[in-house]
Protein chains: 2
Amino acid sequence: MAASQAEVAQRAGVSTATVSRALRGLPRVSETTRARIVDAARELGYVASPAASQLATGRTRTVGVVVPFVDRWFFGRVIAGAEAVLREAGFNLLLYSVGDENGRARFFEEMPLRGRVDAVLLLALPLTPGEFERLSELGVPLAAVGLDEQGMGCVRIDDAAGAKTAMRHLATLGHRDIAFIGGGTGTPLGFRAPVERRAAYFAVRRCLAVDDDPEFDLDGGFTLNGGQAAMTRLLSARRLPTAVFAASDEMAFGALRAIRRSGLHVPRDISLIGFDDHEMADLLDLTTIAQPVVQQGQAAGRMLITQLTGETTEPEAVVVPTELIIRGTTAPPTTSTTRSPAVTTPHGEQVSNLPAC
Amino acid sequence: MAASQAEVAQRAGVSTATVSRALRGLPRVSETTRARIVDAARELGYVASPAASQLATGRTRTVGVVVPFVDRWFFGRVIAGAEAVLREAGFNLLLYSVGDENGRARFFEEMPLRGRVDAVLLLALPLTPGEFERLSELGVPLAAVGLDEQGMGCVRIDDAAGAKTAMRHLATLGHRDIAFIGGGTGTPLGFRAPVERRAAYFAVRRCLAVDDDPEFDLDGGFTLNGGQAAMTRLLSARRLPTAVFAASDEMAFGALRAIRRSGLHVPRDISLIGFDDHEMADLLDLTTIAQPVVQQGQAAGRMLITQLTGETTEPEAVVVPTELIIRGTTAPPTTSTTRSPAVTTPHGEQVSNLPAC
DNA sequence: CTGAAAGCGCTAACAT
DNA sequence: ATGTTAGCGCTTTCAG
């Protein structure tokens, strides 16, 4: 069916070794024979069998991408970014979606990537020492997005700083009664963004000298519906916050819906800030913390390419910046509960005497 | 590094041939030796080299998935569905994102999937005869989602019927001045959903005896921003429609934003219906035509598995049903322009004497 | 039920 | 610059 290297060799009147060299652009082949071989190959429609060259060289020209979910906005974008640069460099993408605890266990047990990839890109999955060990046994370069792991290239945002910025934005507007919708801190998948964003929430609260309030610490499971449910719970509580910080835009969307359904208005009655700058955030006029998503995928992809193309560069850890995007869901609290005199800036923000949090 | 079959054979005191049979569950191996071999393999952590068995058998245990974009809601979901069933059946996924005209050309020219996959799943990419030919040369089973191609398993919705339902819903409510936001009919990628949905729009118009109106036929490029831009154009036209049919929810979201920005209200001033039942549709209370997305991916995946596991079933064409989801963005026109007496049903729909469109 | 041996199609030393 | 010759690690007749 498909032409073999031997046929090309015969047609060009050379040995298979020369064909191999010529077609891979290696030196030690005269230009004239190379041209002859290239012609013969084209005429025969020859393409080297990946399996054979893989067996001979050990290289697969494939990168494994391990992701919790393919069908979430964030991951889809990161994959797209990584795919673009890897494809450009001639690599294929082997996709593995871990999904849940079960799938994760299976992945690390069976290691379906073993012998199939030259490198692995990990998305947002913090590894247990055992898992890291298993992955290392593959003996290929590793990189990750949304992780801060030793021994592999990592590109991520500073979740703590981003969350702090969100909280400071609310505080600057004059808010003190701020609720948090996060969640997933106890999930088996163990993402770190949820944990860090929540920690920052508490840190800023304390810095503002506001007592902890368990009723203001909600679990929205990082989903739209979860965010809505959490907000609904919040709205039926004894005391209402003047602002809500949702640790992801999707949860903020859900919260938005719950607030509207309750007849309240954003930001008049409650301010709301999200995190991620989801593609829908602009549409819903949601104030949020933006992070570059596609770029993180690209950066991680490039790291792997660098590792793969010989230069034994030390795996680096890149932190990309987040940015506060002020839209229409945040404003100063109407029932002025600010504890210090505040003036309004041209941007409509109140400047209160914030402690240096 | 990794244990080889020979080592297992030696440890179990048999030949590599027997190891091969035993580990793959083939017959003609006594249970006692099989057990011994399995033990030896486990102790050595042996896993067969994919490259080697691939070279020997020609099978890759991998399915190629060719998709226009990874980072669109629809495709992400379909991939997730397909991945689940294929993974379950022991197949890996090789992802190829075609993206644009350029990437598409490269894909069909280089055929990076050649020799790397046992089957190919195509998403929403109608093929030119030449492309189909190239793909067929791979000599592997083909399946598609969102296509109606001869010679491969296809699973899709009836776009025409769905669009007709959307239009009839508006017509039943009493709307006659209905605009359409679609687009991409001229895109090089040549998806068919845009074309069919638009054709149905015109068909129902004519059936309602409403003259064609070029000003009501907008291009929203199947993106959120495009939808917004199209709606903005529409709002600045001489004559306003009482309803808008957006061929995708994402464009409907954009339209929604444009309408709100203009100070008009949905559905009081303008009714709006979308298509797809995007995850955000419920949040935005958008009336739409729902289609099963994950299920289409699963169905296509199963088709491939069937083809692959011997049963030489004829590639079938499955059409899954769509469903009208009535939410809050559609209502009877306020300025009653109905041409026939209408009564209101318990569901709030007006029943007008619709011609049988 | 098991083993010997011949590939699968390519690459990489080593010769020439 | 080119050819020879071993593998790479598994599968699969074909014998036994």
Side-chain angles (χ1 to χ4, degrees), chain A residues 1-41 44-62 90 111 114-118 138-140 310, chain B residues 1-38 40-41 44-62 90 111 114-118 138-140:
Chain A
M1 187 78 225
S4 77
Q5 196 181 60
E7 301 179 52
V8 178
Q10 188 182 351
R11 181 168 193 120
V14 295
S15 73
T16 63
T18 307
V19 172
S20 181
R21 288 186 204 108
L23 261 24
R24 286 182 301 153
L26 296 187
R28 309 183 154 216
V29 180
S30 82
E31 279 316 313
T32 72
T33 44
R34 189 192 302 276
R36 199 150 30 91
I37 291 171
V38 169
D39 283 351
L44 267 44
Y46 169 77
V47 180
S49 147
S53 61
Q54 187 173 326
L55 183 56
T57 65
R59 276 177 228 106
T60 63
R61 305 290 313 167
T62 299
M111 278 286 134
R114 182 200 306 283
R116 296 182 177 278
V117 298
D118 292 342
L138 290 183
V140 301
Chain B
M1 188 76 226
S4 78
Q5 197 181 58
E7 301 179 52
V8 178
Q10 186 182 352
R11 183 171 190 118
V14 296
S15 74
T16 63
T18 305
V19 172
S20 180
R21 289 187 202 105
L23 260 26
R24 285 181 302 153
L26 297 187
R28 308 183 155 218
V29 179
S30 81
E31 278 316 312
T32 71
T33 44
R34 189 191 303 276
R36 197 150 29 90
I37 291 171
V38 168
L44 265 45
Y46 169 77
V47 180
S49 146
S53 59
Q54 186 172 328
L55 183 58
T57 65
R59 278 178 227 104
T60 63
R61 305 291 315 170
T62 300
M111 278 287 134
R114 184 200 305 282
R116 296 183 177 277
V117 298
D118 292 342
L138 289 183
V140 302

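In what follows, chains carry the letters A, B, and so on, assigned in the order in which the sequence lines appear, proteins first and then strands, with residues in each chain numbered from 1. Note: hydrogens, waters and symmetry copies are ignored here, and every other heavy atom, side chains too, is used.
- Taking for each of B/Ala17 and A/Leu55 the nucleotide of DNA chain D with the nearest heavy atom, the 5'-most of the two is the partner of A/Leu55.
- Minimum interatomic distance between B/Leu55 and A/Ala52 (heavy atoms only, all atoms of both residues): CD1-CB, 3.8 Å.
- If you check D/dA1, D/dT11, D/dC14 against the side chain of A/Ser30, the one that comes closest is D/dA1.
- Within the 4.0 angstrom heavy-atom criterion, no nucleotide atom of any strand lies near A/Gly115.
- The CG atom of B/Leu26 sits 11.0 Å away from atom OG1 of B/Thr18, with the distance rounded to the nearest 0.5 Å.
- Between A/Thr33 and the phosphate of D/dT2, there is a side-chain N or O to OP1/OP2 separation shorter than 4.0 Å.
- Between A/Arg28 atom CZ and A/Arg21 atom CZ the span is 8.0 Å, to the nearest 0.5 Å.
- Between the CD1 atom of A/Ile37 and the C1' atom of D/dA1 there is a distance of 11 Å, given to the nearest Å.
- Nearer the 5' end of DNA chain D, as judged by each residue's closest nucleotide, is the contact made by B/Ala48, out of B/Arg21 and B/Ala48.
- Rounding to whole angstrom units, CG of residue B/Leu26 and C1' of D/dC10 are separated by 13 Å.
- Residue B/Ser20 places none of its side-chain N or O atoms closer than 4.0 Å to OP1 or OP2 of D/dC10.
- Residue contacts for B/Val14: at a heavy-atom cut-off of 4.0 Å it reaches the sugar-phosphate backbone alone, with no base atom in range.
- Atom CD of A/Glu7 has more than 12 neighbouring heavy atoms from other residues, nucleotides or ligands inside a 6.0 Å radius.
- Computed from coordinates, the B/Leu23 CG to D/dC10 C1' distance equals 12 Å when rounded to whole Å.
- Each of B/Arg34 and B/Ala52 lies near DNA chain C, and the nucleotide nearest B/Arg34 is the one positioned closer to the 5' end.
- Atom pair B/Arg24:CZ and D/dC10:P shows a separation of 11 Å (rounding to whole Å applied).
- Annotation: the span from B/Gln5 atom CD to B/Leu23 atom CG amounts to 7.5 Å, rounded to 0.5 Å.
- Checking the phosphate oxygens (OP1, OP2) of D/dT2, no side-chain nitrogen or oxygen of A/Arg28 falls inside 4.0 Å.
- For DNA chain C, the outermost nucleotides in 5' to 3' order that have an atom under 4.0 Å from a heavy atom of chain B are C/dC1 to C/dG9.
- Nearer to the 5' terminus of DNA chain C, by closest-nucleotide assignment, is the contact made by B/Thr16 (compared with the other of B/Thr16 and B/Ala56).
- For A/Gln54 and D/dG9, the shortest distance from a side-chain N or O to OP1 or OP2 is not below 4.0 Å.
- Of all non-hydrogen atoms in B/Ile37 and B/Ala12, the two that sit nearest each other are CG1-CB, 3.9 Å.
- Here the rule is side-chain contact (heavy atoms from CB on, under 4.5 Å) with B/Val19, and of B/Val29, B/Val14, B/Thr33 only B/Val14 fits it.
- Going from atom OH of B/Tyr46 over to atom C1' of D/dT11 covers 10 Å, rounded to whole Å.
- Atoms CD (A/Gln5) and P (D/dG7) sit 19 Å apart, rounded to a whole Å.
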